Q: 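Take this structure first; my questions come after.
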Amino acid sequence: MLQPCPRGKVKCDDDRVITIGQLARYVGVSIKTIRVYHDKGLLPEPERDASGYRRYGANDVIDLIKIRTLAEAGVPLARIRELRAATAEDYEQALREIDDELTARIRSIRAVQKRLRRLAAGQPAPLPTEVGAHLEHLADWGFSRRWVDLQRDLWILVFATHPDRAITLFHDQAQSLSDPALRQLLLDYDHAHDLVPDDPRISDLARRIVEATRDRYGSDEPPELDATSEIPALVQGTVNASSPAWQRLDTLIRAQLKK
């Protein structure tokens, strides 16, 4: 325990009575850290005493606690050095700003923690309730588990990257699935997964999808994400990579839509 200089005694070497090792233990830092603070000009380095030791006092403990607290808050050492020389008013203002930054970081960390827990539970990202209900209906309509899982992953990607446009795209797809004829086309798309790319059913399906697309949208463009977004290409690339037949189907559809 730090004791005041006894009454009647001469100045107790400026109350500097503890070694650097004791200082480190009191504050909870390493000796190396204290020496770094000395080198950076954050904490004055006392002169050696007659025994050749550097002795520290109560003010050094308090100063080191302040420095450690700021460093743990993520404040760069150069900024801490500036704050050590700041006026009381500027110092208090800086502490308020650092507190606000910490609050924002805590919110961000908590959001990351929630996502991590969802990931551990097998739910990489939340989807709107209506999307989850829609995905459950896909199996009832005859879509394969592979298709349902793929759709879930792709909607997670779209909602995570384009939340403002994703719901419009979802409603467009949900509406198309409410039409039995269009739903059958998507079922045929799903079931084409295991066909060989040159199967004539691939060409016929591409033709029917193109005709249905033109009948539905006419000269209008189907809803899409931002024209500069790379997500649509990423989504389609993911679909195509899972099946040579799907890749062939996509190639035929794109070529015919350009005519």
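The shown structure was predicted, so the numbers you read here are calculated from the model rather than taken from an experiment.
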Q: If you count every heavy atom of other residues, nucleotides or ligands that lies below 6.0 Å from Arg146 atom CZ, does the total exceed 12?
A: yes
Q: To the nearest 0.5 Å, what is the distance between CZ on Arg183 and CG on Leu138?
A: 10.0 Å
Q: So, taking the atom named CG in Leu23 and the one named CD1 in Ile31, what distance separates them when rounded to the nearest 0.5 Å?
A: 9.0 Å
Q: For residues 92-101, which residue pairs pass the salt bridge (Lys or Arg N to Asp or Glu O under 4.0 Å) check, not counting sequence neighbours?
A: none
Q: Between Asp39 and Arg35, does any side-chain N to carboxylate O distance fall below 4.0 Å?
A: no
Q: If we only count heavy atoms from C-beta on, is the Val148 to Arg145 side-chain gap below 4.5 Å?
A: yes
Q: Can you find a pair of side-chain heavy atoms, one from Leu169 and one from Phe159, that are under 4.5 Å apart?
A: no
Q: Between Gln151 and Gln173, is there a side-chain heavy-atom distance shorter than 4.5 Å?
A: yes
Q: Taking the side chain as every heavy atom from C-beta outward, state whether Val27 and Ile34 have any atom pair closer than 4.5 Å.
A: no
Q: Could you pull out all donor-acceptor pairs under 3.5 Å where a side-chain atom in residues 245-253 meets a protein atom, sequence neighbours excluded?
A:
{"unit_1": "Trp246", "atom_1": "NE1", "unit_2": "Tyr189", "atom_2": "O", "d": "2.6"}
{"unit_1": "Asp250", "atom_1": "OD1", "unit_2": "Arg254", "atom_2": "NE", "d": "3.0"}
{"unit_1": "Asp250", "atom_1": "OD2", "unit_2": "Asn240", "atom_2": "ND2", "d": "3.0"}
{"unit_1": "Asp250", "atom_1": "OD2", "unit_2": "Arg254", "atom_2": "NE", "d": "3.0"}
{"unit_1": "Thr251", "atom_1": "OG1", "unit_2": "Gln247", "atom_2": "O", "d": "3.0"}

Q: Applying side-chain contact (heavy atoms from CB on, under 4.5 Å) to Trp155 and Leu150, what does each step give before you reach the verdict?
A: CA-CA 9 Å; Trp155 281 122; Leu150 178 62; over 6 Å; no
Q: Less than 3.5 Å apart, any donor N or O on the side chain of Tyr56 or Asp63 sitting next to an acceptor on the other?
A: no
Q: Rounded to the nearest 0.5 Å, how far apart are CG of Asp215 and CG of Leu182?
A: 9.0 Å
Q: With the side chain counted from C-beta on, respond yes when Leu77 and Tyr37 share a heavy-atom pair under 4.5 Å apart, and no when they do not.
A: yes
Q: Does any N or O in the side chain of Arg48 come within less than 3.5 Å of the main-chain N or O of Arg54, such that one atom is a donor and the other an acceptor?
A: no
Q: Going by heavy atoms in the side chains, are Asp164 and His162 under 4.5 Å from each other?
A: yes
Q: When you measure from the side chain of His193 to the backbone of Ser243, do you find a donor-acceptor pair of N or O atoms at a distance under 3.5 Å?
A: no
Q: Are the charged groups of Glu211 and Arg214 less than 4.0 angstrom apart, N to O?
A: no
Q: Please state whether the rings of His137 and Trp141 are parallel, tilted or perpendicular, taking 30° and 60° as the class boundaries.
A: tilted
Q: Does the Arg105 side chain pair with the main chain of Ala73, one donor and one acceptor, at a distance under 3.5 Å?
A: yes
Q: Main chain of Leu42, side chain of Arg84: is a donor-acceptor contact present, judged purely on distance under 3.5 Å?
A: yes
Q: Taking side chain as C-beta onward, heavy atoms only, is Asp149 less than 4.5 Å from Arg152?
A: yes
Q: Using only atom types and a distance under 3.5 Å, with no angle test, would you say the side chain of Thr161 pairs donor to acceptor with the backbone of Leu157?
A: yes
Q: If I take atom OG1 from residue Thr69 and atom CD1 from residue Ile80, how far apart are they, to the nearest 0.5 angstrom?
A: 9.5 Å
Q: Using a 3.5 Å distance criterion without hydrogens, assess whether the side chain of Thr213 forms a donor-acceptor pair with backbone atoms of Ile209.
A: yes
Q: Would you please test Asp199 and Ile202 for side-chain contact (heavy atoms from CB on, under 4.5 Å) and show each step?
A: CA-CA 6 Å; Asp199 190 304; Ile202 297 292; 4.2 Å; yes
Q: Considering only heavy atoms from C-beta outward, does the side chain of Trp147 approach that of Leu187 to under 4.5 Å?
A: no
Q: Take His134 and Phe170 through the test ring-ring contact (aromatic ring centres under 6.0 Å, His included) and record every step on the way to the result.
A: CA-CA 10 Å; His134 169 79; Phe170 167 73; 5.1 Å; yes
Q: So how far is it from Gln22 CD to Thr19 OG1, rounded to the nearest 0.5 Å?
A: 3.5 Å
Q: Tell me whether Glu136 contacts the main-chain N or O of Ala133 through its side chain, where contact means a donor paired with an acceptor under 3.5 Å.
A: no
Q: Just do the side-chain contact (heavy atoms from CB on, under 4.5 Å) check on Asp60 and Tyr26 with the steps written out, would you?
A: CA-CA 11 Å; Asp60 297 310; Tyr26 286 150; over 6 Å; no
Q: Taking only Lys NZ, Arg NE, NH1 and NH2, and the carboxylate oxygens of Asp or Glu, determine whether Arg201 and Asp204 approach each other closer than 4.0 Å.
A: no
